[in-house]
There are 2 protein chains.
Amino acid sequence: MEEKLTMSVVPDLEVLFELADLFKVFGDSTRLRVMYALFDGELSVTAIADSLGMEQSTISHQLRVLRQNKLVRVRREGKQIYYALDDEHVEKIIQMGLDHVLE
Amino acid sequence: MEEKLTMSVVPDLEVLFELADLFKVFGDSTRLRVMYALFDGELSVTAIADSLGMEQSTISHQLRVLRQNKLVRVRREGKQIYYALDDEHVEKIIQMGLDHVLE
DNA sequence: TGAATATATGAATATGTGTTCATTTGTCAA
DNA sequence: TTGACAAATGAACACATATTCATATATTCA
């Protein structure tokens, strides 16, 4: 019942802005592809770029967005930097969206 | 277990574009506010605009986006047009996002 | 130290998008 | 039919953003 309560109460405008910002992160196909790539485990930047057939710079820019929104975590190993999903909600949010799209 | 399967399979690029488009809809605070306003039931365009303190035109433009993405349904009654949420997933998607934002 | 590799970053550009203003369309009642 | 009200629409503008290119930073190894 607690959950119902948090739903019906309209959050502060500030929280709504944060919420919109979060969904903006999911609202880009490149970032979605990156997140999907990370479903199976951590990957280096080059590995992600290669698997998507996109430029390293493009991926790096988008990884920064994911980082800033605390959706991925980073780990350095030698020259490479490995990214991994860092939020239990990511898959759930994407799945909810898919449920709608595939209705 | 079926659900796990749909998660791990990367959707077609086309589906990913649709998915990104869906999240774009949630990525705007005005549209989020409109959806929140409709949590309690259907409202006319003017009622929504008044409750948010925004212009009728602005709300009308955003309602069109929600309509195009099949997130609201429409019903005419005299001069007024009533909008209501038309998807079971809307509240779930927003709740998942909130869980992350409020962590 | 210097070369090679991996990643990040900044500037520039093109494209997308939210709001406003003015206008149109649709409905009802006199 | 005319006037009043509700909603939708289109053009214009300002602003945000994704990608590319060039370059900087960081790390390893010879």
Side-chain angles (χ1 to χ4, degrees), chain A residues 13-14 16-38 42-86, chain B residues 13-14 16-38 42-86:
Chain A
L13 256 189
E14 199 186 341
L16 277 179
F17 280 120
E18 286 183 56
L19 191 54
D21 284 341
L22 176 68
F23 284 125
K24 270 178 204 150
V25 177
F26 288 84
D28 177 78
S29 59
T30 297
R31 287 190 291 264
L32 281 180
R33 294 179 77 195
V34 170
M35 290 188 267
Y36 260 106
L38 296 178
E42 64 177 12
L43 287 175
S44 71
V45 177
T46 300
I48 298 171
D50 287 351
S51 79
L52 301 189
M54 302 185 76
E55 296 204 2
Q56 174 266 322
S57 176
T58 302
I59 301 305
S60 204
H61 276 298
Q62 298 308 338
L63 282 170
R64 179 161 52 119
V65 176
L66 295 174
R67 232 188 300 131
Q68 288 168 337
N69 284 273
K70 301 183 179 173
L71 297 173
V72 294
R73 86 180 102 83
V74 193
R75 179 178 72 84
R76 163 152 246 151
E77 185 177 318
K79 274 179 287 191
Q80 274 116 16
I81 295 187
Y82 289 90
Y83 282 84
L85 291 181
D86 190 30
Chain B
L13 256 189
E14 199 187 341
L16 276 179
F17 279 121
E18 286 182 58
L19 191 53
D21 284 341
L22 176 68
F23 284 125
K24 270 179 204 150
V25 178
F26 287 84
D28 177 77
S29 58
T30 298
R31 286 190 291 265
L32 281 180
R33 295 180 75 195
V34 170
M35 288 188 268
Y36 261 105
L38 296 178
E42 64 178 12
L43 288 174
S44 70
V45 178
T46 300
I48 297 171
D50 288 350
S51 79
L52 301 189
M54 301 186 77
E55 296 204 4
Q56 175 264 324
S57 176
T58 302
I59 301 305
S60 204
H61 276 298
Q62 298 306 341
L63 282 170
R64 179 161 53 122
V65 176
L66 295 175
R67 231 187 301 131
Q68 287 169 335
N69 285 272
K70 301 184 180 173
L71 297 174
V72 294
R73 86 180 104 80
V74 194
R75 180 177 72 83
R76 164 151 246 151
E77 185 177 318
K79 274 179 286 191
Q80 274 114 17
I81 295 188
Y82 289 90
Y83 282 84
L85 292 181
D86 190 30

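Throughout, a chain's letter reflects where its sequence line sits, starting with A, and its residues are numbered from 1. Values in this document were obtained by computation on a predicted structure and should not be read as measured data.
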Non-neighbouring partners of A/Arg75 that pass side-chain hydrogen bond (donor to acceptor under 3.5 Å, both in side chains), sequence neighbours left out | A/Glu42, A/Glu77
Is there a side-chain polar atom (N or O) of B/Tyr83 under 4.0 Å from OP1 or OP2 of D/dA8?
-> yes
Relative orientation of the end axes in the helix from C/dT1-D/dA30 to C/dA30-D/dT1, expressed as an angle to the nearest 10° (five pairs per end) = 20°
Going by the angle between their ring planes, with limits at 30° and 60°, are B/Phe23 and A/Phe23 parallel, tilted or perpendicular?
-> parallel
side-chain contact (heavy atoms from CB on, under 4.5 Å) involving B/Ile81 - partner list, sequence neighbours excluded = B/Val74, B/Arg76, B/Tyr83
Residues that B/Arg31 engages under side-chain hydrogen bond (donor to acceptor under 3.5 Å, both in side chains), provided they are two or more places apart | B/Gln62
Which pairs count as salt bridge (charged side-chain N to carboxylate O under 4.0 Å, His left out) when at least one residue sits in residues 65-74 of chain A, sequence neighbours excluded?
-> A/Arg73-A/Asp86
Below 4.5 Å, heavy atoms only, C-beta onward: do B/Val72 and B/Met35 meet side chain to side chain?
-> no
Tell me what A/Tyr82 touches on the nucleic acid: a base, only sugar-phosphate, or nothing, going by heavy atoms under 4.0 Å.
-> nothing
Would you kindly give the CD-to-P distance between A/Gln68 and C/dA8, to the nearest whole Å?
-> 12 Å
Test side-chain contact (heavy atoms from CB on, under 4.5 Å) applied to B/Gln68 - qualifying residues, sequence neighbours left out = B/Arg64
Provide, to the nearest angstrom, the distance between the CD1 atom belonging to A/Ile81 and the C1' atom belonging to C/dA8.
-> 8 Å
Ordered by number, residues from residues 46-56 of chain A within less than 4.0 Å of DNA chain D (heavy atoms) are A/Met54, A/Glu55
Answer yes or no: is there a side-chain heavy-atom contact under 4.5 Å between B/Ile48 and B/Val45?
-> no
Return the stacking result for C/dT9 and A/His61: yes when the ring centres lie under 5.5 Å apart and the planes under 30°, no otherwise.
-> yes
side-chain hydrogen bond (donor to acceptor under 3.5 Å, both in side chains) partners for B/Glu18, two or more places apart | none
With sequence neighbours left out, write down each residue that passes side-chain contact (heavy atoms from CB on, under 4.5 Å) with A/Thr46, or none if nothing qualifies.
-> A/Ser44, A/Asp50
May I have the distance from B/Arg75 (atom CZ) to D/dA6 (atom P), rounded to whole angstrom?
-> 16 Å
Under 3.5 Å, which protein N or O atoms sit close to an N or O of nucleotides 14-18 of chain C? Give each pair with its distance.
unit_1	atom_1	unit_2	atom_2	d
C/dG18	OP1	B/Arg31	NH1	3.4
C/dG18	OP1	B/Arg31	NH2	2.8
C/dG18	OP2	B/Arg31	NH1	3.3

Atom-pair distance (CG on B/Leu43; P on D/dA7), nearest Å | 11 Å
Across all chains, not counting sequence neighbours, the side-chain hydrogen bond (donor to acceptor under 3.5 Å, both in side chains) partners of B/Asp21 are B/Lys24
Looking only at heavy atoms, the pair that brings B/Ser51 and B/Ala37 closest together is OG-CB, 4.5 Å
Check for a donor-acceptor pair, side chain of A/Asn69 on one end and backbone N or O of A/Leu71 on the other, with a separation under 3.5 Å.
-> no
What does the list of N/O pairs under 3.5 Å between the protein and nucleotides 25-30 of chain D look like, with a distance for each?
none

